[in-house]
Amino acid sequence: MQLQIDTGLKTYDILDADGNVTGTVRFNPADPGIAARWKSAEPEIQRLAQAAQEADGEEDAALSLMLDADQKIKSLFDYAFGAKVSEAFFGGQSAFGICEDGSLVLEHVLTALTPVLESSMKSGLEAVQQRAKTHTAPYQNTTRGLAPGQTLPD
């Protein structure tokens, strides 16, 4: 016996700069839970990244701070997506790994994710609104569904 349930999950292959698949993640980009968790996680990710980049002082202390920030950032990604996505997004590298263009791996991950999440959340909201409109349309400007003696407001 099986239950087949569409939960809105989408599969995304993570490609490196050469186009090679380095990982795969599955999540529902229109899940409002992701949006809510991302909204709380993103500022903390930005704060940790800023603090790690500004680390001064003894080399061991600065490296320790970066290692701690890297682990927390990956944990925040996993929290926001409700799954272990950090392994696929970062491919075993530090979020502070330097890319050929001089930017951080973290910046590239955020740049790739932002339009997917924004677009999907927008289209998800539009789909929900359209579905609600379809279901409520028969009741608009009619007395259908009103209790006995109830009237439409002026």
Side-chain angles (χ1 to χ4, degrees), residues 1-140:
M1 192 175 291
Q2 295 178 335
L3 289 175
Q4 185 171 359
I5 301 171
D6 178 3
T7 59
L9 291 174
K10 304 285 184 216
T11 302
Y12 297 87
D13 287 334
I14 310 300
L15 306 177
D16 66 12
D18 299 322
N20 301 308
V21 176
T22 60
T24 301
V25 295
R26 286 179 45 84
F27 63 91
N28 180 345
D31 176 359
I34 291 176
R37 292 186 303 266
W38 184 251
K39 188 174 181 175
S40 69
E42 187 179 25
E44 182 64 8
I45 290 169
Q46 297 294 347
R47 187 194 67 73
L48 288 165
Q50 187 68 33
Q53 289 178 326
E54 294 173 353
D56 284 332
E58 182 186 332
E59 182 179 345
D60 286 345
L63 288 174
S64 178
L65 177 69
M66 288 188 86
L67 178 62
D68 185 53
D70 177 61
Q71 290 171 346
K72 287 179 181 174
I73 286 170
K74 290 175 181 174
S75 176
L76 286 164
F77 270 88
D78 294 341
Y79 160 74
F81 284 86
K84 191 83 172 155
V85 296
S86 61
E87 292 174 10
F89 289 154
F90 296 100
Q93 296 186 73
S94 167
F96 303 108
I98 308 296
C99 299
E100 284 187 30
D101 65 359
S103 59
L104 301 178
V105 171
L106 175 61
E107 293 173 282
H108 284 239
V109 170
L110 291 173
T111 298
L113 279 175
T114 300
V116 170
L117 292 174
E118 287 176 354
S119 171
S120 294
M121 290 306 295
K122 181 180 176 186
S123 63
L125 177 60
E126 289 169 355
V128 167
Q129 290 172 338
Q130 183 58 42
R131 185 169 186 265
K133 187 176 179 179
T134 299
H135 289 287
T136 60
Y139 301 96
Q140 296 300 315

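Values below: all heavy atoms of this structure, side chains included; hydrogens, waters and symmetry mates excluded.
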Item checked: Nearest atoms (heavy-atom pairs only) where G8 meets P29 -> O-CD, 4.1 Å
Margin query: Run V25 and F81 through side chain to side chain contact (heavy atoms under 4.5 Å, CB included) and show every step you take.
Written below: CA-CA 10 Å; V25 295; F81 284 86; over 6 Å; no
Donor-acceptor pairs are to be reported for all side-chain atoms of residues 60-71 against protein atoms at under 3.5 Å, with residues two or more places apart or in another chain.
unit_1, atom_1, unit_2, atom_2, d
D68, OD2, K72, NZ, 3.1
D70, OD1, A95, N, 2.6
D70, OD2, K74, NZ, 3.2

Next item on the list: Check for a donor-acceptor pair, side chain of D13 on one end and backbone N or O of T24 on the other, with a separation under 3.5 Å.
Entry: no
Check: Looking at CG of L113 and CH2 of W38, how far apart are the two atoms once the value is rounded to the nearest 0.5 Å?
Finding: 6.0 Å
Check: Between L110 and F77, is a side chain to side chain contact (heavy atoms under 4.5 Å, CB included) present by the stated rule, with each step listed?
Finding: CA-CA 10 Å; L110 291 173; F77 270 88; 3.8 Å; yes
Checklist line | Among Q46, E54, R47, side-chain hydrogen bond (donor to acceptor under 3.5 Å, both in side chains) partner for Q50 | finding: E54
Margin query: Determine whether a donor-acceptor pair (N or O, by modelled atom type, separation under 3.5 Å) exists between the side chain of S86 and the backbone of D78.
Written below: no
Next item on the list: For N20, enumerate each residue passing the side chain to side chain donor-acceptor pair (under 3.5 Å) test, keeping only those at least two apart in sequence or located in another chain.
Entry: D16
Check: If you round to the nearest 0.5 Å, how far is OG1 of T22 from CD of Q93?
Finding: 9.0 Å
Check: Between N28 and L9, which heavy-atom pair has the shortest distance, and what is it?
Finding: N-CD2, 3.6 Å
Notebook entry, point to check: With E100, which residues qualify under side chain to side chain donor-acceptor pair (under 3.5 Å), at least two apart?
Noted result: none
Next item on the list: Report yes or no: does R37 contribute a side-chain atom to a donor-acceptor pair with the main-chain N or O of Y79 at less than 3.5 Å?
Entry: yes
Notebook entry, point to check: Would you call D31 and T7 a side-chain contact if the rule is heavy atoms closer than 4.5 Å?
Noted result: no
Margin query: Is the shortest side-chain heavy-atom distance between F90 and I14 below 4.5 Å?
Written below: no
Notebook entry, point to check: Does the side chain of L104 come within less than 4.5 Å of Q53's, by heavy atoms?
Noted result: yes
